[in-house]
Structure formats: C-alpha cells, structure tokens
Amino acid sequence: MSADTASTLLLDRMDVESHVQAMAQTPGVRFADFFGSIEDDQLVIRLVWALDREHEYRVVRWPARGTGYPPLSEVAPAAFVEECEIYEQFGVSPGKGRALNRLVIPPRAEHSFPRLGTAPARERPLPHASHYVSGDAFEFPFGPVRGVGQESMYMGLVTSGEELIDLYLLQWHKHRGIERRLRGEGVARALFVVERAEGLSAVGNGWALCRAVEEIAEVSPHPAVNRSRGVALELERLYNHAAAIVALCQSTGLAVGQAQGEIVLEQLLRLNAAVFGHRYLFGVLAPGGTSRAADADALMTTLPPTMDTLRRLVDALWTTNSFVDRLESCGIVTPADAARLGLVGPIARASGQDIDTRRDHAFGPYRDVAVEVPVRATGDVMARMSVMVAEMEESARLALDLAGAGLGTGTVEVPPATGSALGWCESPRGESLLWVDLDAGRIRRARVRPGSVRNWRSFDDAARSRNVFTDIAIIEASFWLTVAGLAR
C-alpha cells in the first residue's frame with residue numbers, strides 16, 4: 001500500500017464495539033478522530049484510525065440509530081472528548097449511561113444555540129465532574145481572562161498553597177462554530193476560515209483541507225509547488241517552536257533569555273514575510289497549489305544566520321541551571337499515557353511516541369525526502385523543549401533542501417467535485433486531520449481536527465504529576481497548544 005492512503009470501512013452498529021476492541025489492541029494502530037455527520041436525516045458516526053506502520057488511515061463509519069453507539073472510551077480512552085462533543089452537537093450519547101463533561105457549548109446555553117445537529121434533550125447540569133475540596137486545600141480560580149497574549153480559558157486549580165492536587169479546564173470561551181459555518185461554503189472561502197480556526201497553524205490545517213479537496217477532485221499540484229508548500233510548513237514549525245521557547249523563558253522568570261528568544265522569533269516572522277509575504281503565512285496555500293510566490297533567495301540568505309542566533313540562545317539556556325532545574329521532572333506525561341490518550345506532535349514524541357505524519361503518512365514533497373524524527377522518553381518539560389529544538393534543526397534543513405530543489409507557484413484547476421476524503425498534515429502541534437464531504441464543490445460537512453484537540457486532554461494529567469502551583473505556566477508553555485484549536 002502506498003504512503004498516501006485513506007480507506008473507508010462500513011460497519012453495522014452491532015459490530016462497532018468488537019471492532020474497536022480489536023483495533024485498540026493491535027500494535028501500530030492509533031486512535032486519531034471520532035465525529036458525527038447528519039446524512040439523509042440520520043446521524044452517521046465516523047471513527048478514524050491511524051495505521052502508522054502500514055502508512056494508512058482507516059475511516060470507519062456506521063449509522064447511529066436508537067440508543068446511539070457503544071461507549072468507545074471504555075476501550076479507547078482517547079475517544080472521551082469526542083464522545084462529549086458528539087453529545088453536545090448532536091444530542092446522542094454513548095450507551096450504558098456514560099457520564100460526559102461539557103466541552104465547547106457554554107453552560108446555560110439556549111436550546112436554540114447553533115449546533116451541527118439537534119441539542120440534547122436534557123442538558124448536563126454541571127460543566128465538569130463533581131468534586132469536593134476540604135481540609136487545608138482550596139480551589140483557586142484562574143481565568144478566563146488570564147493576561148496579555150493568552151487565550152481565554154478557565155482553570156480550576158485545587159491546591160494546598162504549593163502542591164497542585166487537581167486541575168480542570170473550561171475552554172468554551174473560544175468556541176466560534178467553525179464546522180457549522182463551513183457548511184455550504186465553496187472551497188476557497190472554506191480555506192480562508194480553516195486557516196483562521198487556529199491561526200498559529202494556518203499552513204498545517206489549511207494543507208490538510210487542500211489535500212482532502214484535491215483527493216476528491218483527483219488533482220495534484222506540481223512537485224515544485226508542493227515544495228513551496230513544504231517550505232511554508234517548516235517555517236511555520238520554526239516560528240511556533242521559537243515562540244514556545246520564549247514562553248518557557250517567560251514562565252521561568254528568565255528575562256534575558258526571553259528577550260533573546262523574542263529577537264529570534266521576530267527574525268523568523270520577518271523571514272516568513274520576506275519569503276511568502278505574510279508574517280503568519282496566511283494566504284500561501286490555495287486549492288490546487290499556492291497563491292503566493294516563494295522567494296528562495298531570501299530563505300537561503302536569512303535562515304542560516306537566524307539558526308546560528310537560535311543555537312547560541314539554546315546553548316546558553318541549556319547551561320543556565322536556574323532554567324534547567326525548572327524544566328526537569330516537571331509536567332510529566334508518561335509514554336503509557338501518551339499512547340493511551342492518542343497524543344500527537346512534540347508532546348507525543350517527548351513521551352516516547354515515534355510518530356510523524358510527514359514520515360508515516362508521507363504527503364507532498366515528503367514522499368521524496370527523509371525526515372528525521374526526534375524522540376525522547378522522559379515526557380517532562382525538558383524533553384518537550386529538547387524535541388522542539390531538534391525539530392527546528394530538522395525544519396531548517398528540510399526548508400533549505402526543498403528550496404534548493406526548486407520552488408514554484410500557481411495552481412491546477414480544481415473542478416467542483418462531489419465526494420468525501422480525509423486530508424492530513426503535520427502541523428507544529430502534530431497531526432492535523434480534516435475530513436471533507438463535497439457536493440458539486442460546496443461543503444456539506446467538514447470535520448476540522450487540529451493537533452490541539454488531541455493534546456489538551458493530557459494537560460490535566462501533566463499538571464497533577466507531582467507539580468507545584470507555579471509549575472502550571474511552565475507546563476502550558478511547553479505544551480504550546482491553542483484553546484481556539486479545541487474550542488473551534
């Protein structure tokens with residue numbers, strides 16, 4: 001089977017539980033996504049598996065009639081957040097009375113609140129699981145307004161004053177109904193919206209959409225144009241990882257490191273503007289190719305000295321004991337938890353998961369280049385920063401190699417096709433998936449699943465892993481996720 005494949009399997013509802021049990025126990029199979037769609041006035045459920053060793057995605061679909069569907073999260077815990085989302089959006093819950101948390105629909109929302117389907121007949125009374133605080137512990141509320149540059153999010157921190165005992169997150173403040181807004185849109189307008197669903201992953205999420213549409217329309221961009229897309233994706237990874245390092249310096253009180261990191265970040269953003277005409281790489285992609293010409297000379301001239309500046313900063317950080325001491329053994333995500341929760345991207349790779357869609361499900365220019373994937377085993381903040389630093393070196397190498405092979409611009413015609421397909425990309429936060437169903441070039445249903453959707457579910461576990469109250473900002477910086485990417 002080729003390294004660019006997605007297959008579809010139709011199941012009867014009675015076969016779903018046994019299928020999930022078999023797949024969850026198969027080595028090399030990873031839970032990737034789980035979502036609903038209204039088709040012919042009934043709810044159809046789709047479950048996406050990543051068969052990384054076989055370089056394949058498998059989309060499993062079945063009709064959800066009557067009692068809904070089996071509680072899949074009992075077998076595949078990574079499915080719990082999607083179970084909550086399907087309940088909120090379509091009013092269908094898993095069987096066996098599975099308790100669900102509120103996800104993106106705000107509490108006390110009107111029954112007419114815009115959703116993809118029908119509102120639940122009975123709203124969940126609580127936004128999170130019941131808990132009781134007694135003795136010397138107290139609950140410290142933080143958010144949703146948290147500070148300049150930070151997205152709206154409420155943290156419920158249970159602490160005794162120093163040690164963190166428990167934590168829960170309320171993230172619906174960023175919900176904009178992106179998937180609902182995409183219905184009926186043409187592909188070009190949909191790409192505009194998807195790029196802004198999670199602005200720091202405009203290329204990663206946008207490329208996943210383009211790939212799905214191009215698969216349906218059976219068109220392929222020119223190899224030189226795909227190399228331009230690859231350069232944009234690697235530049236996006238570079239500036240995101242640099243921003244994460246800046247946030248780590250800020251959260252540890254290292255003002256000099258923060259200032260030096262911000263210099264590197266600004267240089268990378270200016271490089272984006274010089275190469276593609278936009279600091280955050282909006283508008284680079286287009287269905288069937290690219291809409292912005294790439295300036296290879298600017299890349300070749302500016303990127304190497306910028307990387308030299310970055311290396312000096314990283315060397316200084318690794319030899320600053322007050323910085324390193326805060327990172328070691330902080331915010332641990334064990335390899336077992338990373339696998340159980342289906343994590344992706346740098347967070348997964350820092351916890352022993354050797355996965356990367358550029359290599360395991362090669363697309364575009366990555367079919368022709370070897371991608372080195374850094375993996376660490378300790379799962380702490382130190383490991384996550386180490387993975388990001390190694391990825392920046394690899395991204396710089398890939399960008400220069402792709403530019404050296406020749407870059408192109410322009411699009412092939414994408415006819416108004418009908419059908420459905422899954423697209424994917426390795427964004428800075430990990431695997432981004434986008435399933436699209438088109439009707440004569442208009443979107444009937446689009447499922448947008450950025451890497452943040454998969455990774456937020458491990459944040460509370462990382463926060464509870466023998467950390468103190470002041471470690472939370474450091475852990476959040478090392479995750480470098482977006483709230484908008486989950487509460488889209």
Would you please classify the geometry between the [Y] ring and the [X] ring as parallel, tilted or perpendicular, with 30° and 60° separating the classes?
X	Y	value
F140	F142	tilted
H361	W424	perpendicular
F479	F459	perpendicular

Where do [X] and [Y] come nearest, in terms of heavy atoms and distance?
X	Y	value
L407	L402	CD2-O, 3.6 Å
V219	E413	CG1-O, 3.5 Å
I355	A348	CD1-CB, 4.1 Å

Are [X] and [Y] close enough that some pair of their side-chain heavy atoms sits under 4.5 Å apart?
X	Y	answer
F80	R457	no
W207	E236	no
D460	L169	no
L200	Y239	yes
R311	E393	yes
Q89	E179	no
R196	R176	no

Notebook entry, point to check: Honestly, is R326 close enough over F323, meaning NZ or CZ under 6.0 Å from the six-membered ring centre and within 45° of the axis?
Noted result: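 No, R326 does not lie over the aromatic ring of F323.
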Side-chain donor-acceptor contact under 3.5 Å, [X] with [Y]:
X	Y	answer
R376	S386	yes
S329	D380	no
E151	T482	no

